[in-house]
Amino acid sequence: MDKFIIEPNRNLSGDIHVSGAKNAILPAMAACLLAPGKSILHNVPDLIDLKTMAHLLRVIGARIEYENGIMSIDSKDVCYPEAPYELVSKMRASIYVLGPLLARLGKARVSFPGGCAIGTRPVDLHLKAMEALGAKINIDHGYINAQTEGLTGADIHFEKSSVGATINALMAAVLAHGTTNLYNAAMEPEVDSTIDILNKMGAKISGKSTTTLCIKGVDDLFPVQMDMIPDRIEAGTFLIAAALSTQPVRVCNCTADHLTALLDKLRESGCELEIESNKIRLYPAKRIKTTNILTLPYPGFPTDLQAQFTVLMSLADGISYVEDTIFPDRFMHVAELNRLQADITMQRNIACIKGVKKLNGAEVMATDLRASAALVLAGMVAEGSTTVSRIYHIDRGYDKIEQKLNSIGAKIRREKG
Ligand code: EPZ
């Protein structure tokens, strides 16, 4: 298993470039199942999770090619409606094939996603939405078996805001007979991006960027070409790296409007920001001020950036609190950061972070994608050498993170293992 060996350097400077958004590309790939023929996605980074989704789509019968950030997906011959355990256990987003398979083939058999390093992650809202649209669902031997004679539009009220359930419901409803209304739908930019690709394919979805979406079912969808949006979480991770630096850094190819909650918190912590079209230049604070974080559905502070922000607060001037309301158990990074001599205690599901003068390098272990990113950021500022093992987690969602960070002055070496 590969490791990162990281030597400190807080003098980062220059430009760093953001790739396409993994969490927008995963549903876009699944959406291609709905439009028989060859769709082409642009701005697609080379990520393990996207390879896993490509593998799954091939199992289902799609033909996929990938070169230089361009992915083509030919879904003409899709015929095998199964997402096997082997792939779903690697990546929960495999559940995204449920809606499209039901809509296109009238049936789907998807392995029930199991446990996850960031806590319990049920799929009940996905299943309730499919049932509301007329699917019959039963669970047997660890598989979700869904079947329908034809989906029919319905009113669906989500009990909780869920990115995945909103997207799955959209992908099922676009080909359903009649009108579907989704209430308390998620508003994340990745949901908007899914609406954009579906509408480009010929779907009729209105209400984008609101919590109420209306989908008028159509008979057919057509293949498209689509540019994928920049990854707001990668951009946010780089902005936090910049906030930990002593010199200004410019994060390029990002959408500031998708990062409002983070940008507010970075300003509160003393950073100055200059926003110009799709670039954000961050001037770090001389002394990092404390600020509290409460993760919430978009446009609130994203759960996917709380671990990285915790690193910044570990070096702040005083005490701050981080509470994750989306995934209350998503604090595996805390014990690892304390190995680097951060001073963080957990009070129920709230991290209480006492700022320290410096972190000290040590051996730490990555536990999930964003926790790994946090450990890399911590290693970049900790005195002495830090080794982050199990970095396959980071390769799932960050394209060549060490090369990108090294291009602005970080000292990260990948040791193959
Ligand atoms: C998406 O996961 C992202 N994954 C996650 O990013 C992200 O952390 C999360 O949204 C929240 O923003 C992808 O886009 C592939 P949810 P998702 O359904 O869709 C509860 C990363 O690091 N819930 O919005 O699975 C759930 O437990 C990953 O890139 C139910 O109760 O998240 C959570 O508390 C990790 N029942 C809340 O809703 C359900 O059926 C929101 O989860 C579904 C969700």
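Just follow the structure's listing: the first ligand is 1, and inside any ligand the first atom is 1. Values reported hereafter were calculated over all heavy atoms of this structure, with side chains retained and with hydrogens, waters and symmetry mates removed.
Using a 4.0 Å cutoff on heavy atoms, Arg330 counts as a contact of ligand 1. No heavy atom of Glu190 sits closer than 4.0 Å to any atom of ligand 1. Under a 4.0 angstrom heavy-atom cut-off, Pro302 registers as lying outside contact with ligand 1. The shortest heavy-atom distance from Lys128 to ligand 1 is not under 4.0 Å.
Of the protein's non-hydrogen atoms, the one nearest atom 42 (O) of ligand 1 is Phe327 CZ, 3.9 Å. Regarding atom 29 (O) of ligand 1, its nearest protein heavy-atom neighbour is Arg370 NH2, 2.7 Å. Closest to atom 5 (C) of ligand 1 among all protein heavy atoms lies Asp304 OD2, 3.8 Å. Summary of contacts: the protein heavy atom closest to atom 25 (O) of ligand 1 is Arg121 NH2, 3.0 Å. Of the protein's non-hydrogen atoms, Leu125 N, 2.7 Å is the one closest to atom 40 (O) of ligand 1. From the protein, the heavy atom lying nearest to atom 15 (C) of ligand 1 is Asn23 OD1, 3.4 Å.
A side-chain contact (heavy atoms from CB on, under 4.5 Å) with Met187 holds for exactly one of Thr211, Leu213, Thr166; it is Thr211. Screening Leu263, Asp264, Leu259 for a side-chain contact (heavy atoms from CB on, under 4.5 Å) with Leu273, the sole residue that qualifies is Leu263.
Contacts between Tyr298 and ligand 1 below 4.0 angstrom, taking non-hydrogen atoms only, are absent altogether. Heavy atoms of Leu369 found under 4.0 angstrom from ligand 1 belong exclusively to the side chain.
Every atom of ligand 1 is numbered from 1 in the order shown, and the set under 4.0 Å from a heavy atom of Gly164 is 18 (O), 19 (O). Every atom of ligand 1 with a heavy atom of Val123 under 4.0 Å away is listed here by number and element: 39 (C), 40 (O). Atom numbering of ligand 1 starts at 1 in the shown order; those under 4.0 Å from a heavy atom of His126 are 40 (O). Of all the atoms in ligand 1, the ones that sit under 4.0 Å from a non-hydrogen atom of Lys160 are 20 (C), 31 (O), 34 (O), 38 (O). Heavy-atom contacts of Lys22 reach the following atoms of ligand 1: 21 (C), 29 (O) (cutoff under 4.0 Å).
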Item to check | CA sep, side-chain torsions, deciding dist, call: Lys216, Thr179, side chain to side chain donor-acceptor pair (under 3.5 Å) | outcome: CA-CA 4 Å; Lys216 292 202 160 72; Thr179 299; 5.1 Å; no
Next on the checklist: Show, in sequence, the C-alpha distance, side-chain angles and deciding distance for Asp231 and Ser19, and conclude whether the side chain to side chain donor-acceptor pair (under 3.5 Å) test is met.
Outcome noted: CA-CA 6 Å; Asp231 194 315; Ser19 300; over 6 Å; no
Checklist entry - How far apart are the C-alpha atoms of Asp368 and His393, what are their side-chain angles, what is the distance that settles it, and do they pass the side chain to side chain donor-acceptor pair (under 3.5 Å) test? => result CA-CA 5 Å; Asp368 79 77; His393 289 291; over 6 Å; no
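When the heavy atoms of Ile326, Val163, Asp124 are ranked by distance to atom 16 (P) of ligand 1, first place goes to Val163. For atom 30 (C) of ligand 1, the nearest non-hydrogen atom from the set Ala24, Ser372, Ser162, Pro122 belongs to Pro122.
Ring orientation note: the planes of His258 and Tyr298 are nearly perpendicular, at an angle over 60° on the 30°/60° scale.
Summarising the local packing, OH of Tyr392 is surrounded by more than 12 heavy atoms from other residues, nucleotides or ligands at distances under 6.0 Å. The environment of CD in Glu276 is crowded: more than 12 heavy-atom neighbours from other residues, nucleotides or ligands sit within 6.0 Å. Within a 6.0 Å radius of CD in Glu65, other residues, nucleotides and ligands contribute 12 heavy atoms or fewer. By the 6.0 Å contact criterion, CD on Gln225 is enclosed, its count of non-hydrogen atoms from other residues, nucleotides or ligands being greater than 12.
Between Phe309 and Thr291, some side-chain heavy-atom pair lies under the 4.5 Å cut-off.
Contact check on Arg330 versus Asp304 returns a salt bridge, with a Lys/Arg side-chain nitrogen under 4.0 Å from an Asp/Glu carboxylate oxygen.
Not a single N or O atom of Thr303, backbone or side chain, sits closer than 3.5 Å to an N or O atom of ligand 1. Ligand 1 has no N or O atom lying under 3.5 Å from any N or O atom of Ala165, backbone or side chain.
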